[in-house]
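Right, one structure below, let's go through it.
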Amino acid sequence: MLAALIPVLVLLAVLGLPLFVVLAAGALIATRADGLDPAILIIELNRISSSPNLIAIPLFTFAGVILSQGGSPQRLIRFFNAFLGWLPGGLGSVALSVCAFFTAFSGASGVTILALGGMLYPMLRQAGYGELFTCGLLTSSGSLGILFAPSLAVLVYGIVASVNIDELFLAGVLPGLILLFMLYAYSFYSGRRFHLPHHPFEWSNIWPAFRGSVLDLLLPFGIIVGIFGGFVTVGEVSACTAAYVLFLEVAVYRTIDLRRQFISLVNETAILVGSLLIILGIAMGLTNLLIDAQIPMRLLSWVESNVDDQLQFLLLLNVFLLMVGAMMDIFSAIIVVTPLILPIALHFGIDPVHLGIIILANLEIGYTTPPVGINLFIASQRFTKPVMTLFRASLPFLTIMLVWLLVVTYLPWTSLWWR
Amino acid sequence: MLARLQQILTRLETLLAGFCIVLLLGLTLGQILARNFFDTGIPAADTLSRLLLLYITFLGAALAICSDRHIKVDVIAHWIPQTWRDRLYRPLFSVGAAVCLLYTIAAVRFWRDSWEFAAEHERWQVLLDLGLPVGFGLLTMHFLCCVMCGPHRRPEITCTTC
């Protein structure tokens with residue numbers, strides 16, 4: 001009887017029931033089946049909040065929301081345009097750089113396309129970039145900076161897998177840069193091929209653009225120095241980032257009027273944090289029940305009997321994660337899938353830090369893949385284009401990202417070079 | 001009437017969430033300053049941070065219900081017409097209300113046990129842990145309000161980026 005409820009839950013989930021309700025119902029069914037008191041689920045939920053790194057999530061989210069509602073996007077576009085806009089296809093590279101920078105702070109929740117898409121789309125079109133190229137570029141750029149500090153996705157994986165977040169931030173740098181340079185190369189190639197106009201390089205543009213955005217550009221450096229210099233923890237650096245960004249937008253640039261915008265800022269932050277952490281808290285209870293029922297162990301013995309070596313496992317892992325990424329939001333995918341995959345990956349000798357980068361890279365690609373690649377839907381709303389047109393437009397970028405995924409998966413040193 | 005009540009509740013929750021975010025920010029910055037400049041720490045800062053995090057989570061989750069912005073695996077939902085999505089709204093949110101109600105009951109029992117077995121000097125912490133049952137209660141109430149108001153009556157406080 002209880003087992004029959006599982007397909008019903010799956011059906012409700014695909015019809016649009018909030019994921020936390022699906023997981024909560026699943027956990028209730030599991031406790032009932034095992035004859036346990038549902039109060040244990042509350043204990044697990046209470047326990048998760050004691051994770052020291054968890055306070056970084058609301059504070060980095062707050063910083064991201066302030067940045068997106070302030071004047072940071074305009075300042076960054078001006079800076080990257082002065083530095084890269086003179087190259088063939090330079091404006092494409094500008095879009096890629098700004099999106100990567102912005103996504104690292106905004107947490108790839110679709111804010112990048114919403115906040116930057118509206119500014120970059122007309123810029124690219126006026127510069128002579130084709131409609132399909134522009135849509136594809138902006139749609140796939142929405143999740144580009146996911147591996148860079150202080151990405152929320154990295155934080156969530158670190159908390160779920162109990163992996164050192166400092167190491168994850170370090171591991172994401174090279175894979176993130178490789179993807180960025182591969183896409184720069186494609187933009188450069190497109191610029192040459194379609195003879196796209198680009199402005200001449202002028203030193204006189206560089207200084208004002210740099211001066212206008214230097215305080216924004218200091219942010220990632222501050223985070224890296226703060227964490228790796230041993231001055232502050234991840235949780236503390238998130239508070240410094242939020243305070244710095246607030247000071248910048250309210251007192252220095254005056255792009256945010258706190259009296260008018262405070263409600264909107266905290267409402268957006270609370271919604272983003274609440275919708276993520278409630279899943280994390282409830283999934284922890286469910287995960288423990290799955291471990292008690294030896295589900296990961298059974299999965300491991302099945303994989304052991306069907307998969308011979310690490311290479312084969314990684315290939316299957318990529319296919320599985322791409323499917324998950326195409327059907328689930330990145331945060332829920334990390335929370336649900338990581339506890340099941342981690343013991344199997346360890347069995348095949350995969351480093352948990354490298355595994356984190358593989359998982360995030362796959363899910364980053366899933367953002368732009370139907371049926372529910374969130375970037376496709378947000379871009380569809382922003383640019384009023386059908387989802388399938390945007391998917392077609394994103395295909396060259398997706399192909400490049402798939403090649404990058406193979407590099408990141410099968411060359412572990414790209415993530416672990418610093419060891 | 002119900003929509004008005006939900007709107008007031010939403011505004012209160014937003015203000016409370018804002019207060020918790022600002023307090024969490026201040027507390028964490030205060031800890032850094034206290035540790036680096038005075039070689040000390042703020043008493044019970046860790047417990048307070050944990051509780052504030054819990055409050056922000058529940059308040060944010062309640063606000064996400066009102067604006068229908070919870071994370072979903074909506075493989076089919078994106079592809080079905082709006083009229084059908086509207087028809088599914090009430091049944092789906094009723095399931096949400098039922099599940100949250102069961103969690104509220106479990107949370108009340110958990111809190112009652114914690115209160116009963118807590119030492120006298122730890123009682124203030126258990127009192128602040130009331131956020132758990134109250135949080136699930138809020139989620140249940142929001143789901144019920146949404147079921148009764150229907151899919152087209154959403155509170156006015158929504159994000160400006162969407």
Side-chain angles (χ1 to χ4, degrees), chain A residues 12-22 24-25 28 37-39 41-43 45-46 49-50 54-55 58-59 62 68-69 111 114-115 232 235-236 238-240 242-243 261-279 281 327-329 331-332 371-372 377, chain B residues 11 13-15 17-18 20-22 24-25 28-29 31-32 46 49-54 56-65 67 69-80 85 88 92 95-96 99-100 102-103 105-107 109-111 113 129 132 139 157-162:
Chain A
L12 290 173
V14 294
L15 285 175
L17 184 67
L19 187 68
F20 92 89
V21 179
V22 177
L28 283 173
D37 187 342
L41 301 171
I42 308 294
I43 297 170
L45 197 146
N46 202 25
S49 64
S50 56
L54 211 63
I55 60 158
L59 296 178
F62 190 44
S68 67
Q69 292 195 21
V111 176
L114 289 167
V232 279
E236 289 170 347
S238 68
C240 295
Q261 286 172 276
F262 179 75
I263 293 283
S264 152
L265 288 171
V266 293
N267 183 265
E268 180 64 8
T269 306
I271 288 177
L272 291 172
V273 172
S275 57
L276 169 63
L277 292 188
I278 194 81
I279 295 179
M327 284 187 288
M328 280 175 103
D329 156 85
F331 298 114
S332 39
V372 291
F377 289 96
Chain B
R11 188 163 276 273
E13 284 163 352
T14 306
L15 285 172
C20 291
I21 291 168
V22 172
L24 184 65
L25 181 59
T28 316
L29 290 173
Q31 272 285 73
I32 301 170
D46 287 343
S49 298
R50 186 184 69 79
L51 287 165
L52 287 171
L53 191 71
L54 212 58
I56 296 167
T57 301
F58 277 111
L59 292 166
L63 291 168
I65 294 174
S67 46
R69 285 183 57 197
H70 265 292
I71 296 171
K72 299 168 185 171
V73 195
D74 36 10
V75 181
I76 297 172
H78 274 303
W79 302 95
I80 57 177
R85 266 194 257 178
L88 284 168
L92 290 178
V95 174
V99 171
C100 286
L102 291 172
Y103 266 72
I105 296 166
R109 287 197 15 243
F110 165 74
W111 183 83
D113 290 347
D129 270 340
L132 276 166
L139 297 183
I157 301 174
T158 48
C159 78
T160 52
T161 46
C162 305

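Small disclaimer: the values here were computed from a predicted structure and weren't measured. In the text below, chain A, chain B and the rest are named by the order of the sequence lines, each starting its count at 1.
- With contacts defined as side-chain heavy-atom distances shorter than 4.5 Å, the pair Ile21(B)/Leu265(A) does not qualify.
- Between Leu272(A) and Arg69(B) the shortest side-chain heavy-atom distance falls below 4.5 Å.
- Residues Phe62(A) and Leu24(B) have side chains not in contact (no heavy-atom distance under 4.5 Å, counting atoms from C-beta outward).
- In terms of heavy-atom pairs under 4.5 Å with chain B, the best-connected choice from Val266(A), Leu12(A), Ile42(A), Ile279(A) is Ile42(A).
- Closest approach of Leu53(B) and Pro58(A) over heavy atoms only: CD1-CG, 3.4 Å.
- Only the side chain of Leu88(B) comes within less than 4.5 Å of a heavy atom of chain A; its backbone N, CA, C and O stay farther away.
- Residue Leu132(B) touches chain A through its side chain alone, counting heavy-atom pairs closer than 4.5 Å.
- Residue Ser67(B) comes nearest to Ile271(A) through the heavy atom pair OG-CD1, 3.4 Å, listed as atom of the first residue, atom of the second, then distance.
- Per-residue heavy-atom pair counts under 4.5 Å with chain A were compared for Val22(B), Leu51(B), Val95(B), and the maximum is reached by Val95(B).
- Under the rule for a side-chain contact (heavy atoms from CB on, under 4.5 Å), the partners of Glu236(A) that lie at least two apart in sequence or sit in another chain are Val232(A), Thr233(A), Thr28(B), Ile32(B), Arg35(B).
- Note: Leu59(A) leads Leu276(A), Leu59(A), Val273(A) in heavy-atom pairs under 4.5 Å with chain B.
- Heavy atoms only, all atoms of each residue included: Ala24(A) and Val99(B) are closest at CB-CG1, 3.6 Å.
- Distance check: Arg11(B) CZ to Asn267(A) CG gives 9.5 Å after rounding to the nearest 0.5 Å.
- Top candidate by heavy-atom pairs under 4.5 Å with chain A, chosen from Leu29(B), Leu59(B), Ile56(B), is Leu29(B).
- Residues passing the side chain to side chain donor-acceptor pair (under 3.5 Å) test with Asp37(A) are Arg109(B), sequence neighbours excluded.
- Across every non-hydrogen atom of Phe20(A) and Cys100(B), the tightest pair is CE1-SG, 4.0 Å.
- Between Leu25(B) and Ala239(A), the shortest heavy-atom distance links the atoms CD1-O, 3.3 Å.
- Separation of atoms CG (Leu45(A)) and OH (Tyr103(B)) is listed at 8.0 Å; rounding is to 0.5 Å.
- With contacts defined as side-chain heavy-atom distances shorter than 4.5 Å, the pair Arg50(B)/Asn46(A) qualifies.
- Here Thr14(B) contributes atom OG1 and Glu268(A) contributes atom CD; the two are 11.0 Å apart, rounded to the nearest 0.5 Å.
- Neither the backbone nor the side chain of Asp46(B) has a heavy atom closer than 4.5 Å to any heavy atom of chain A.
- Taken to the nearest 0.5 Å, the CG atom of Leu17(A) stands 10.5 Å off from the NE2 atom of His70(B).
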